Amino acid sequence: MEKKNWPLWEIFIRSRQGLSHRHVGSLHAADAAMAVENARDVYTRRQEGASIWVVPASAITASSPDEKSVLFDPADDKVYRHPTFYDLPDEIKHM
Amino acid sequence: MEMDLLHRFEAYIASDKKIEPKDWMPDAYRKTLIRQISQHAHSEIVGMLPEGSWISRAPSLKRKAILMAKVQDEAGHGLYLYSACETLGVQRDDTIEDLHSGKAKYSSIFNYPTLNWADIGAIGWLVDGAAIMNQVPLCKCSYGPYARAMVRVCKEESFHQRQGFQIMMTMAGGTEEQKEMAQDALNRWWWPSLMMFGPPDDDSPNSAQSMAWNIKRFTNDELRQKFVDLTVPQAELLGLTVPDPNLRWNEETGHYEIGEIDWSEFKRVISGDGPCNKERIETRRKAWDDGAWVREAAVAHSQKRADRRASTDTAAA
């Protein structure tokens, strides 16, 4: 059997105007135009889409799970970035 | 280092967190998932065949449109699952080759023939019903991409079961002959549907490990029991008889008790000796081989367009 794996594309769909594109999955296609057509058939059979982005999976640079603590732990001790950190007098109902 | 990683993996599993593609995972976990997800994908793809043969013979345009939508969904489900499988580091073509060579299995139910239109009803009602029972708990499985694919599949699958039940309802409420066809379809699909949940718990060697890894949430027998409890009253509503003389309601347990399942049949069919095993694989292989020129042409076309773009860019520069 001859093997010619088509490249892998990551698919992002905007479900309706006003929302951002969201990653929904991936698929194989020979080129970008075919990836858009296939994404239409695979991911929007029930009106889930108003717009499609396709990105070659090889073009994505991802952070590594090993860097997780280096990247994200520094945010752990900065609770003052959240409004709930601040005590307000009861008299103030909205702020 | 390895111990740290294993420790973290186990902590994730214990706290019911998802494992994602780039996270470290034990080889056995990866292998189990590759086997299960690829076989699940193959089942969706091979599952198109018994129904596909009735698209051109559907009794009305409406039924035909519905059946096409359902078969197209099965293709989509296969693709979601193949993609989920690839996140574990396998190549799509290798996975498909394993199906064609007989190395990978698929659900044994699809090795039974669809003899008439009532079978399309019985498949939707019973086979998709059993599949949903199996798949709903998989939405919470510990491997993220598999769980997410299952959420999509389950959302789409519920129409499949309803359309099947509606066909059964129409036929069971039709002429005497139609009712006989519906009963005959139930007779033939009932036991194979119960086998879809896999061997009994005391003969299912991989179950314990899969449960420990939160891949499986319920045992085969638990899911089978749920299915029987839900489905028997539906058969009664249709006015059809479940083909099991030993079926009885147990007042104390609040569950139905069923007769002995013929596991020798299950083993025979899954190991290749069912009514349609050969035909199914031959059809798949033929589709793959006959489609080779399309795959090659698409690559050639995209290459030509890329080259043309490159030469216009050079000319412009």
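We name chains A, B, ... by the order of the sequence lines, and we start the count at 1 in each one. None of these values were measured; they are calculated from a predicted model.
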| task | Could you tell me whether A:Lys78 atom NZ has more than 12 heavy atoms of other residues or ligands within 6.0 Å of it? | result | yes

| said: Nearest 0.5 angstrom please: A:Leu27 CG to B:Glu86 CD, how far? | reply: 10.0 Å

| Residue B:Gln72 versus chain A: region with a heavy atom under 4.5 Å | both

| Presence of salt bridge, B:Lys304 and A:Asp31, under 4.0 angstrom | no

| message | Show the nearest heavy-atom pair for residues B:Arg305 and A:Ala33, with the distance to one decimal. | response | NH2-CB, 3.6 Å

| Just wondering, do B:Tyr80 and A:Val42 contact through their side chains at under 4.5 Å, heavy atoms? | yes

| Close contacts, residues 141-163 of chain B versus chain A, judged by heavy atoms under 4.5 Å | B:Arg152, B:Glu156, B:Phe159

| query | In terms of heavy-atom pairs under 4.5 Å, which option from B:Asp73, B:Asp23, B:Thr87, B:Leu79 contacts chain A the most? | reply | B:Asp73

| message | For B:Ser83, is there any backbone N or O sitting under 3.5 Å from a side-chain donor or acceptor partner on A:Ser26? | response | no

| Given that the side chain runs from C-beta out, which part of B:Arg8 has a heavy atom under 4.5 Å from chain A: side chain, backbone, both or neither? | side chain

| said: Is it the case that atom CD in A:Gln47 sees more than 12 heavy atoms from other parts of the structure closer than 6.0 Å? | reply: no

| remark: Counting heavy-atom pairs under 4.5 angstrom with chain A, the leader among B:Ala298, B:Gly76, B:Ala84 is B:Ala298

| query | Just wondering, more than 12 heavy atoms not from B:Trp24 lying within 6.0 Å of its CH2? | reply | yes

| Are more than 12 heavy atoms from other residues, nucleotides or ligands located less than 6.0 Å from atom CZ of A:Arg45? | yes

